[in-house]
Amino acid sequence: MKFRTILTIIGVVIGTASIIVMVSIGNGAQKSITDELSGIGSVTTLQVYQDLSSMGMTAMGGGKTDDKAILNDDAIKDLKKIDGVVAVTPVVNLSGGEIEVDREQYGVSLMGVDYAVLEDMRYVTTSGKKPGANDENSVILGKDVLTSFTYTGASTQLEASAVKPEDLIGQNITMTIKRTNANGEEEIKTQKLKVTGVLEATGGNEDYSIIADYHLVTDLNEWQTGRKANVKKQGYSQALVTVEDSSVVNDVTSEVEAMKFTVFSMQQILDSMGSVFQMLQILLGGIGGVALLVACIGIVNTMTMSIYERTKEIGIMKVIGASISDIRNMFIAESTMIGLIGGLVGIVISLVLSVLINLIAGLFIGGEGGVTISYITPGLVVFALFFSALVGLLSGVRPAIKAANLSSLDAIRSE
Amino acid sequence: MHKDFKLGKEDIHILKGIDLDIEQGEMVALLGPSGSGKSTFLNVLGGLVPPTSGDIMIRDYRISDMTENELCLFRREHLGFIFQSYNLISTMTAMENVALALTFAGVKKEIRQQRAQEALEVVGLVDRMGHKPSELSGGQQQRVSIARALVNHPEIILADEPTGNLDSKTSADIMEMITRLNREEKQTFVIVTHDPDTTKYCTKVIHMCDGLIEAEVNQ
């Protein structure tokens, strides 16, 4: 192989590798952020709310709500019927509770869910277990329940984090809630709760809440407000819909939206971030593409030189019976090979570079299990190979046509 | 048949009206001084340059009307060329040079090699088939180029000064080989030469001068 051809291939190698490495850095950023996000909030859980305007109407205590969707038990049943839905639970919240642990007071909120479907929901306990369907007074603690809430004890000494949520498993804790009655007197109600487990971090409200059965939370709410809840007319404020896997999230979302509810899912955030990252990748790939453009000019130059050098050879071939397309294809194949070989070597080099980038970044940033700054997807490799071959092919077209159209007699006479 | 060339703004009449029939199996010498138009005539005959006016018929093919691509296909099937300067491809071995013509005809690799070997046998160069042109003498290179012209079994072989670069002994060898091929394979040869010695091997000698046929001698 000629030195000139090797230099040209090196040009393609640099071009291909710069595109791959650039895009892989965009990929890496996307991957680490989406991994982070999907780690926090379960991607397969949708939060369903009543349409905000209808909630406003009912909260003001009037208005016809016939044409508004109400998130009541009938709606819960309808949500359950959607294809791909595994579990649906209403969510009833209670705030203003206090518990005393190891003589310290902690303000807590309860998040009531349907224990009948608790097994099917994507809640994972780090220790202990989930309560059964009939354990109405059993609860799971969010992982930050004891640490992150306002310290309300009388003592000025801080003895926080002495007790971990895990230490309370199997124990009964006593929660107190207060209300002010019609005569302006304060009343106190106590409720015993049995802790069965601690929830893995979800990144949502659960981390700061105690998960309880929604029947219990509804009872406590009614005592606190002194009103019977009218679920049938007013609906629940929120429901959680657990779906089979992330592939059905979008379908289920649109079906729920068709029922005139507001849906919020991690998938929506990931989707909107996806387009931002696509822009980033096009930008980075474009910067890398400049190197490949230069390589492309190199191929055109090499092929043109090669044709000048081989004019006589082309003439001989035409005289002994090579057709125009034979000659053209021969040169196009040659330049495509330059692109393809350059692309292959470029891919190997960028795979090595990617590993090195992550290793070096790991040394500076630290962190367990390595760092992903650069991430090369199989699709990117296939694209790069295809693209480099295409660049080679296109660069060869003009020189090849020039070669094919040489007059055989003039060509054979040239020296 | 006429052929003009543009030289600057002037039209140069190289061939000024040639009318010639060549029979199958003939061995024709085109003899004349340089500038007489004999090489141009051969090139027009091989379809390498189109005539300015007039027709060239080879069997039933009117090659003066063919497109460049049709001419390529026609040459591949019916014509063989031998040049004064051999015109072998320097990066290829003798065998590869001979087989190249078959490559364009789409012949399979094993058959290509077999036929190239047969052609080299005819010219007596089988033992040299792995050599590059630079490793062969002038006479051997010319024999490779004859093998290349033969390998397609064309009806007509056009030779432009085939012995022009060779000494007299080698020239005689080459001409004897051509004569033998002409007799055994019944191929038609048209040989351009300015060497009267060459003409004694031919069945017909055409004397050209100033773009015209001066005399046509059967012998």
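Excluded from the calculations below are hydrogen atoms, water molecules and symmetry mates; all remaining heavy atoms, backbone and side chain alike, are included. In what follows, chains are A, B, ... by sequence order, proteins preceding strands, each numbered from 1.
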Self-check item: From CD1 (A/I412) to CG (B/D160), nearest 0.5 Å
Solution: 9.5 Å
Quiz item: Taking everything shown except A/M330 itself, do over 12 heavy atoms lie less than 6.0 Å from its CE?
Solution: yes
Quiz item: What part of A/I316 gets closer than 4.5 Å to chain B, counting heavy atoms only: side chain, backbone, both or neither?
Solution: side chain
Quiz item: Under 6.0 Å from the CE atom of A/M273, do we count more than 12 heavy atoms belonging to anything else shown?
Solution: yes
Quiz item: What pairs meet the ring pair (Phe, Tyr, Trp, His ring centres under 6.0 Å) rule with one or both residues in residues 103-154 of chain B, with sequence neighbours excluded?
Solution: none
Exercise. Looking only at non-hydrogen atoms, find the nearest pair between B/C72 and A/A322 and report the distance.
Key: SG-O, 3.1 Å
Self-check item: Closest heavy-atom pair and its distance - A/G321, B/R76
Solution: O-NE, 2.9 Å
Quiz item: What distance do A/K312 atom NZ and B/S85 atom OG have between them, rounded to the nearest 0.5 Å?
Solution: 4.5 Å
Exercise. Look at B/N69, B/T91, B/L71, B/N152 and state which one has the largest set of heavy-atom pairs under 4.5 Å with chain A.
Key: B/N69
Exercise. Please round to the nearest 0.5 Å and tell me the distance separating atom CD of B/E68 and atom CD1 of A/I324.
Key: 4.5 Å
Quiz item: So what's closer than 4.5 Å to chain A heavy atoms on B/F74: side chain, backbone, both or neither?
Solution: neither
Quiz item: If you count the non-hydrogen atoms of other residues, nucleotides and ligands that lie under 6.0 Å from CG in B/D127, is the total more than 12?
Solution: yes
Self-check item: Test side chain to side chain donor-acceptor pair (under 3.5 Å) applied to A/T304 - qualifying residues, sequence neighbours left out
Solution: none
Quiz prompt | Reported CE-to-CG distance for the pair A/M317 and B/N87, which is rounded to 0.5 angstrom | solution = 12.0 Å
Quiz item: Does B/H194 NE2 have over 12 foreign heavy atoms under 6.0 Å away?
Solution: no
Self-check item: A/R4 atom CZ, neighbour heavy-atom count above 12 within 6.0 Å
Solution: yes
Practice problem: Heavy atoms only, distances under 4.5 angstrom: which of B/L79, B/V151, B/N43 has the most pairs with chain A? Name it, please. | Solution: B/N43
